[in-house]
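We count ligands from 1, going down the list as the structure has it; atoms in each ligand are counted the same way. Bear in mind the structure is a predicted one, so any value in this text is a computation, not a measurement. Each residue takes its place number in the sequence, starting with 1.
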Amino acid sequence: MTVVDQARASTYDLARVRADFPILAREIHGRPLVYLDNAASTQKPRIVAETIAECYGGWYANVERGVHTLSQLATAQRERARETVARFLNARSAEEAVFTRGTTESVNLVAEAWGRRNVGPGDEVLITGLEHHSNLVPWQRLCEERGAQLRVAAIDDAGEVRLDEFERLLSPRTRIAAFAHVSNALGTVNPVREMAAMAHRAGALALVDGAQAVPHMLVDVRDLGCDFYAFSGHKVYGPSGIGVLWGRKEILDAMPPWQSGGGMVQTVRFEKTTYAPPPHRFEAGTPFIEGAAGLAAALDYLTAMGLPAVGAWESELLALATARLAEVPGLRIVGTARRKAAVLSFVMDGIHPHDLGTILDHDGIAIRAGHHCAQPVMERFGVPATARASFGLYNTPEEVEALAAALHKARELFG
Ligand code: PMP
């Protein structure tokens, strides 16, 4: 069976999935939308919008400390959403799930709250060569501030982290290793369980940036054995502006607060303030109440679809796209790791990725062009930017064919 046959023979209920996403019915420049920018942000199923509308129409109020009914309802909804997140990650308890604005804020929280207390002069932080800027710059700034050293495990020509180097760079000086589960620029799936174990053997903690993993695969933080896991709602079919930092309870318990203000305290006196236990200790200020509910709805939706089925479907799309794009003259795929998820980065001789993005947009095809907030990755591959098609649970083999056809057309026009 060819990959096309395999994709078509799949039992995955694509029509039902697509019907859940109203935006997919719209046209762009008079052509059906082909949305292949899922690694940047995913579209939202109806249930997420309905949940947010229900919040405003039925139970909205500020959370915590309210005695009136709506406030109690809103507080209960938020804590239920936290339980959904905990279940989704197979966390030990909901207290381990901190709501943040997204992956970026989650990493900054750890770098600043945990990092400032635990990383000092002469210490080291280990990252990899494929990190998104949001799992790089916070560590760089921490190291600069604390007189520590940032170490980087290089990636090879396929875009895989060199595990021998990762292990070699770990030492008793390493306080934390921070690495992506899936690379947003290359699609590489890192062996994060193995990497977390290596970090622990060296006495370091392990933080996993899961922004690009949670939409595509089951994540079990206990099985992975990491200490922190971060992800964003908007990449997993939920609202933007909400995300999660999961942290091992005993580590969160020992961490000082990050931002300060209402909601994160126990008692406040001019002489001394005491802080709430996690997760509230790390959630200062009025949170994104409706966002947490929307995120829970998205996670429930994805769970009901079955992440293994979603991941399998996306793998078929990726295999088909890889085969089709390889047929386009002058096209080079950037990132050829053995294990990849849903991301296809490429460059084409004689056509800048940005121009490619514009050309494809005229055919209704949304891809991303740029450095994907991973400039060191671009440098590693000697390109200023790539074009990137990334797949979600609603994409189709026909859309992959449309992408390939548009690239052939661009080749003819500009080649
Ligand atoms: N890490 C990775 C691997 C990402 O792909 C992204 C988003 N492109 C982020 C972190 C940052 O996520 P956010 O912008 O939602 O905070």
Side-chain angles (χ1 to χ4, degrees), residues 35-44 48 85 98-112 127-141 152-153 155 159-161 177-190 192 195 206-217 219 224 226 228-246 258 282 288 291-292 294-295 298-299 314 334-335 337 339-345 366-378 380 385-392:
Y35 188 76
L36 300 177
D37 194 19
N38 295 287
S41 204
T42 51
Q43 299 300 344
K44 317 304 172 198
V48 169
V85 168
V98 179
F99 283 120
T100 64
R101 282 194 303 124
T103 309
T104 303
E105 189 170 270
S106 297
V107 177
N108 275 276
L109 195 168
V110 178
E112 295 192 20
I127 60 168
T128 83
L130 55 64
E131 300 310 316
H132 186 280
H133 295 163
S134 65
N135 196 32
L136 186 168
V137 183
W139 302 116
Q140 192 172 48
R141 290 185 62 207
V152 185
I155 52 175
E160 292 185 14
V161 175
F179 41 90
H181 198 162
V182 174
S183 154
N184 69 309
L186 303 169
T188 311
V189 181
N190 279 328
V192 286
M195 292 164 84
L207 175 143
V208 179
D209 167 358
Q212 296 293 343
V214 287
H216 309 299
M217 59 189 75
V219 169
L224 294 180
C226 54
F228 297 107
Y229 196 95
F231 75 92
S232 301
H234 70 99
K235 291 189 201 281
V236 69
Y237 309 100
S240 33
I242 183 104
V244 171
L245 172 70
W246 169 82
W258 180 39
F282 306 108
F288 188 9
L295 172 61
L299 299 182
E314 291 166 344
V334 180
R339 258 196 92 198
K340 282 180 69 172
V343 169
L344 200 53
S345 251
I367 61 158
R368 187 144 296 247
H371 55 58
H372 317 295
C373 295
Q375 287 181 14
V377 176
M378 301 297 113
R380 169 67 178 77
T386 70
R388 181 186 72 186
S390 52
F391 306 101

d(Asn38 CG, Ile367 CD1) to nearest 0.5 Å is 12.5 Å

What class does the angle between the rings of His371 and His133 fall in, given that below 30° is parallel, 30 to 60° is tilted and above 60° is perpendicular?
-> tilted

Distances only, to 0.1 Å: what are the N or O pairs between ligand 1 and the protein that fall under 3.5 Å?
{"from": "ligand 1", "atom 1": "1 (N)", "to": "Asp209", "atom 2": "OD1", "distance (Å)": "3.2"}
{"from": "ligand 1", "atom 1": "1 (N)", "to": "Asp209", "atom 2": "OD2", "distance (Å)": "2.5"}
{"from": "ligand 1", "atom 1": "5 (O)", "to": "Gln212", "atom 2": "NE2", "distance (Å)": "2.6"}
{"from": "ligand 1", "atom 1": "8 (N)", "to": "His132", "atom 2": "NE2", "distance (Å)": "3.1"}
{"from": "ligand 1", "atom 1": "8 (N)", "to": "Lys235", "atom 2": "NZ", "distance (Å)": "2.7"}
{"from": "ligand 1", "atom 1": "15 (O)", "to": "Ser232", "atom 2": "OG", "distance (Å)": "2.7"}
{"from": "ligand 1", "atom 1": "15 (O)", "to": "His234", "atom 2": "NE2", "distance (Å)": "2.7"}
{"from": "ligand 1", "atom 1": "16 (O)", "to": "Thr103", "atom 2": "N", "distance (Å)": "3.4"}
{"from": "ligand 1", "atom 1": "16 (O)", "to": "Thr104", "atom 2": "N", "distance (Å)": "2.9"}
{"from": "ligand 1", "atom 1": "16 (O)", "to": "Thr104", "atom 2": "OG1", "distance (Å)": "2.6"}

Trace of the side chain to side chain contact (heavy atoms under 4.5 Å, CB included) decision for Phe99 with Ile242 = CA-CA 7 Å; Phe99 283 120; Ile242 183 104; 3.8 Å; yes

For residues 100-111, the salt bridge (Lys or Arg N to Asp or Glu O under 4.0 Å) pairs (sequence neighbours left out) are Arg101-Glu105

* Are Phe179 and Asp209 close enough that some pair of their side-chain heavy atoms sits under 4.5 Å apart? -> no

Checking side-chain polar atoms at under 3.5 Å, does Thr188 have a donor or acceptor matched by the opposite partner on Ser183? no

